[in-house]
Amino acid sequence: DTAVSQTPKYLVTQMGNDKSIKCEQNLGHDTMYWYKQDSKKFLKIMFSYNNKELIINETVPNRFSPKSPDKAHLNLHINSLELGDSAVYFCASSQVQNRGSGANVLTFGAGSRLTVL
Amino acid sequence: DQQVKQNSPSLSVQEGRISILNCDYTNSMFDYFLWYKKYPAEGPTFLISISSIKDKNEDGRFTVFLNKSAKHLSLHIVPSQPGDSAVYFCAASPGNQFYFGTGTSLTVIP
């Protein structure tokens, strides 16, 4: 009964390959996110979808393409992988609160460690 | 440009003592601040939050203090327990966007 599950947990691949990471949440949340944690442990937002619509798209190479087939799923596809893409990618979800109604709390998946050789 | 900073990468504390983790931020428009705890090979889990209109929020052994004039918040854990050993991330939110610090690794020594 995992709340936010992402697969695969580990991914080792060669430069130039294309790979996907999948994410699913069973919390009924309306918003999903992809975060990247780099070697300096900095957790940085990449994308956010609210009810299947892209609402946050940070400065990320266009080799990264998120896809949300429904509000419970947000997948991340990466084309032409580069060495610098090696990182841990975290999927998260939240139920967005109205301003002043409380903190918007993220629920994270366990992370997908991508290693590009 | 890091808007949330945790300047101490690590902290060691004896079991039973107080752990104090610090966080600084730059954007006065943040309206909520959150602390997350992360164990190895797991995702961060929510611990406690505080609204920008408060200066303290307490939940059991965990208390978060906010000093808006100094743009500083801290997490106090008392008494510290070995199971508290983890990486703690500070986060700030202006709505549904989140900015995270780089984390402080806490080790509680039995």
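A, B, ... follow the sequence lines: proteins, then strands. Residue 1 opens every chain. Keep in mind that what you see is a predicted model, and the values were worked out from it rather than measured.
- Counting heavy atoms of neighbouring residues, nucleotides and ligands inside a 6.0 Å radius, atom CZ of B:R61 exceeds 12 of them.
- For B:S49, the part lying near chain A is the side chain, with the backbone staying farther off; criterion is any non-hydrogen pair under 4.5 Å.
- Options B:A41, B:G103, B:S52 differ in how many heavy-atom pairs under 4.5 Å they form with chain A, and the most are formed by B:A41.
- For the pair A:Q37 and B:K38, the minimum side-chain heavy-atom distance is below 4.5 Å.
- Two different hydrophobic clusters hold B:F65 and B:V4 under the rule that ILVMFWY side chains link at heavy-atom gaps under 4.5 Å.
- With a 4.5 Å cut-off on non-hydrogen atoms, B:F89 touches chain A through its side chain but not through its backbone.
- Looking at B:Y36, the atoms closer than 4.5 Å to chain A (heavy atoms on both sides) all sit in the side chain, from C-beta outward.
- Heavy atoms closer than 4.5 Å to chain B are found in the side chain of A:I55, but not in its backbone.
- Contact of A:L43 with chain B is made through backbone and side chain together, with heavy-atom distances under 4.5 Å.
- Surrounding NZ of A:K9 are more than 12 heavy atoms belonging to other residues, nucleotides or ligands, all under 6.0 Å away.
- Hydrophobic clustering, with ILVMFWY side chains joined whenever heavy atoms are under 4.5 angstrom apart, keeps B:I53 apart from B:L34.
- Results of the ring-ring contact (aromatic ring centres under 6.0 Å, His included) test with B:F100 over A:F42, A:Y35, A:F90, A:Y33 single out A:Y35 as the only residue that passes.
- Counting heavy-atom pairs closer than 4.5 Å to chain B, the top residue among A:T107, A:I45, A:L106, A:T31 is A:L106.
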